**Q** 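First the structure, then my questions, so here it is.
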Amino acid sequence: MRYLLFSSCVVLLISCTSAYKLLQATEGDAGSLQKFKPAFSVALYKAEVEVMDNRLSGLLLVKKMPDSSMRLVFSNEIGFKFFDFEFSNNGKFKVYSIIKQMNKKPVIKTLRKDFELIMMNGIGNKNVQIRKDDGLLYFSFKQSKGYYHYITSISGEELIRAERASKRKSVMEAVMKNYTNGIPDSIGITHKNFNFTIGLKRIIR
Amino acid sequence: MRRLIIILTLCVTCNSLHAQYPGYAPVADLAKFKTEFSAATKKTLTIKSDFVQEKTLSMLSEKIVSKGKFWFKKDNMVRMEYKQPFQYLMIINKDKVFVKDGQNENKVSARSNKLFQQVNKIMIDCMQGSTLSNTDFKTRIFENKNSYLVELVPVVKGLKELFKNINVVVDKKDYAAGSIEMWEISGDNTIIRFTNKELNTTIQDALFTF
């Protein structure tokens, strides 16, 4: 019984420990992240979304507008539009349209933050914390709530993943792979706290 | 003065009605159109065609074009196979909808989703000529030399919030839908154009099973 109590406490302590606590501060250049920032002019992706065992497929169009803002339009294959979002360079965000079923504050907030992480608009921020562990470099940017982490190989040549996180643990992970002319061919988003994933595969038109 | 205003208003209204669909004028003999349309579509048992779908995002000045094959069979069976630039299959069989995208398959009961049911009904109605009796819409008919334009303005909740109007362009020679235009409230639109149409060829039921 005493052993059980002890092991329970250990498990509890481990689960409360920050996943980022063991990282060591290091020198580095956040400018090296610029090469991973997707250079979207216009790109069309085939999208697969899974939310709580419901599947949804569609097309995501990403387009840089003349004023440098980014528009994201998600529709199904038949042309039915689910949402149309605008992300400005100064961090502003606008919902042009969204279907009733998705028009809920937590849904919009989650999608906004997920795509903000992907678009990497905040990496110019000087207030960056650079740390490392055995094989990875962590570039961490504090947000109003939580952190955006961009995790590269030690050499800085490869973007391993990006994370949205609380102070202690990651709540969402994103990967961007196979860049062609600065645009990732595949993008994957996985949430940790609930079953919500987005998979994007670029369509060459 | 008041009479002048009324006359001017009427002229503007008439002009705008014509200007709405350039080259089209309201159908002179509506009863005749309805009878002929109904008779012709009764004879259409199957349609096979290619299609080009063009989604215009007006504010983004962007078009998404996709192409594929289309099959229709009476009653209530549609198969749309998108081949370019992505693979996607949608089968409507009575009140069941099946979609396959890549490796993933998904059966949807149209009954469980009212909007899906309404959109499903539009597609089927357009093909089997029951468009005119669909009470979800207020209908106006226009014509030019080669075609009729059936304008459907949604009057029911759900559709009204999505579409300003849906237009079906019907070829005069075979009374089959040449194109379906879905105009959204936002100004965006999706136009599906049917080409290489073959009417009343044999189409196996197996194409609509899943």
Side-chain angles (χ1 to χ4, degrees), chain A residues 40-51 53-88 94-103 185-186 188 197-205, chain B residues 51 53-68 78 80-90 92 97 99-108 113-116 118-120 122-123 157-159 161-163 166 180-192:
Chain A
F40 294 121
S41 47
V42 58
L44 183 68
Y45 287 90
K46 185 92 172 71
E48 278 182 29
V49 181
E50 207 174 308
V51 194
D53 296 329
N54 291 309
R55 275 200 68 257
L56 194 68
S57 81
L59 304 171
L60 182 78
L61 183 85
V62 187
K63 183 167 182 174
K64 189 174 188 176
M65 302 303 285
D67 66 354
S68 287
S69 66
M70 210 58 91
R71 285 287 282 272
L72 263 72
V73 180
F74 181 42
S75 62
N76 74 0
E77 290 82 349
I78 301 150
F80 180 76
K81 198 162 60 183
F82 296 119
F83 65 70
D84 179 353
F85 294 162
E86 179 188 86
F87 296 80
S88 300
K94 186 174 172 183
V95 178
Y96 277 92
S97 72
I98 187 159
I99 57 163
K100 206 170 74 186
Q101 291 87 335
M102 291 177 84
N103 194 2
D185 178 59
S186 309
T197 60
I198 302 174
L200 303 173
K201 176 85 182 137
R202 191 163 176 212
I203 295 171
I204 303 300
R205 292 191 279 176
Chain B
F51 73 87
Q53 178 181 299
E54 196 174 284
K55 166 105 191 157
T56 303
L57 299 157
S58 55
M59 283 172 79
L60 276 77
S61 313
E62 196 63 38
K63 282 184 196 300
I64 302 173
V65 182
S66 43
K67 296 173 183 178
V78 165
M80 280 183 92
E81 218 175 285
Y82 291 74
K83 291 182 178 285
Q84 279 181 320
F86 52 83
Q87 302 275 328
Y88 184 75
L89 169 68
M90 180 182 74
I92 303 170
V97 179
V99 290
K100 186 178 175 189
D101 111 76
Q103 300 300 311
N104 300 300
E105 298 181 359
N106 199 5
K107 278 177 204 168
V108 187
N113 184 329
K114 191 142 189 250
L115 185 68
F116 218 115
Q118 284 165 325
V119 174
N120 176 1
I122 297 164
M123 181 70 76
K157 223 177 135 184
L159 283 175
E161 289 76 26
L162 291 175
F163 300 110
I166 294 169
I180 301 174
E181 308 171 354
M182 290 173 270
W183 294 83
E184 295 170 32
I185 302 287
S186 63
D188 294 351
N189 65 69
T190 305
I191 299 177
I192 305 174

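Here the structure is a predicted model, which means the values were calculated and not measured. Residue numbering restarts at 1 for every chain, and letters A, B, ... go by the order of the sequence lines.
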**Q** Look only at the side chain of Lys46(A) and the backbone of Phe86(B), and say whether a donor-acceptor pair between them is shorter than 3.5 Å.
**A**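 Side chain of Lys46(A) to backbone of Phe86(B), a donor-acceptor pair under 3.5 Å: no, none is there.
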**Q** With only heavy atoms counted, which part of Asn189(B) is less than 4.5 Å from chain A, the side chain, the backbone, both or neither?
**A**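 No part of it gets close to chain A.
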**Q** Heavy-atom distances under 4.5 Å only: say whether Leu60(B) touches chain A with side chain, backbone, both or neither.
**A**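 Both parts, backbone and side chain.
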**Q** Quick one: what part of Ile204(A) sits under 4.5 Å from any heavy atom of chain B, side chain, backbone, both or neither?
**A**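 Contact with chain B is through the backbone of Ile204(A) alone.
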**Q** Is it the backbone or the side chain of Met80(B) that comes under 4.5 Å from a heavy atom of chain A, or both, or neither?
**A**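 Met80(B) has no heavy atom closer than 4.5 Å to chain A.
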**Q** Counting C-beta onward and ignoring hydrogens, is there a side-chain heavy-atom pair between Lys81(A) and Leu162(B) closer than 4.5 Å?
**A**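 Contact flag for Lys81(A)/Leu162(B) side chains = no.
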**Q** What's the separation between atom CG in Leu59(A) and atom CD1 in Ile64(B), rounded to the nearest 0.5 Å?
**A**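 If we round to the nearest 0.5 Å, Leu59(A):CG and Ile64(B):CD1 are 5.5 Å apart.
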**Q** Check whether any side-chain heavy atom of Val99(B) lies under 4.5 Å from a side-chain heavy atom of Glu77(A), and answer yes or no.
**A**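 Result no, sub-4.5 Å side-chain heavy-atom pair not found.
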**Q** So do the side chains of Phe80(A) and Thr190(B) get within less than 4.5 Å of each other, counting heavy atoms only?
**A**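 No - every pair of side-chain heavy atoms lies 4.5 Å or more apart.
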**Q** Under 4.5 Å between any side-chain heavy atoms of Lys100(A) and Glu161(B), yes or no?
**A**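 Answer no - side chains too far apart.
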**Q** How far apart are the closest heavy atoms of Lys63(B) and Arg205(A), and which atoms are they?
**A**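 For Lys63(B) versus Arg205(A), the nearest heavy atoms are O-NH1, 3.0 Å.
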**Q** If we define contacts as heavy-atom pairs under 4.5 Å, which of Gly79(A), Pro66(A), Ser75(A) has the most with chain B?
**A**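 Highest number of heavy-atom pairs under 4.5 Å: Gly79(A).
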**Q** Taking all atoms of both residues into account, what is the closest heavy-atom pair of Asp101(B) and Glu48(A), and its distance?
**A**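 Minimum heavy-atom separation between Asp101(B) and Glu48(A): OD1-OE2, 3.5 Å.
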**Q** Return the option, out of Glu54(B), Glu184(B), Lys55(B), Glu62(B), with the maximum number of heavy-atom pairs under 4.5 Å with chain A.
**A**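 Most heavy-atom pairs within the cutoff with chain A belong to Glu62(B).
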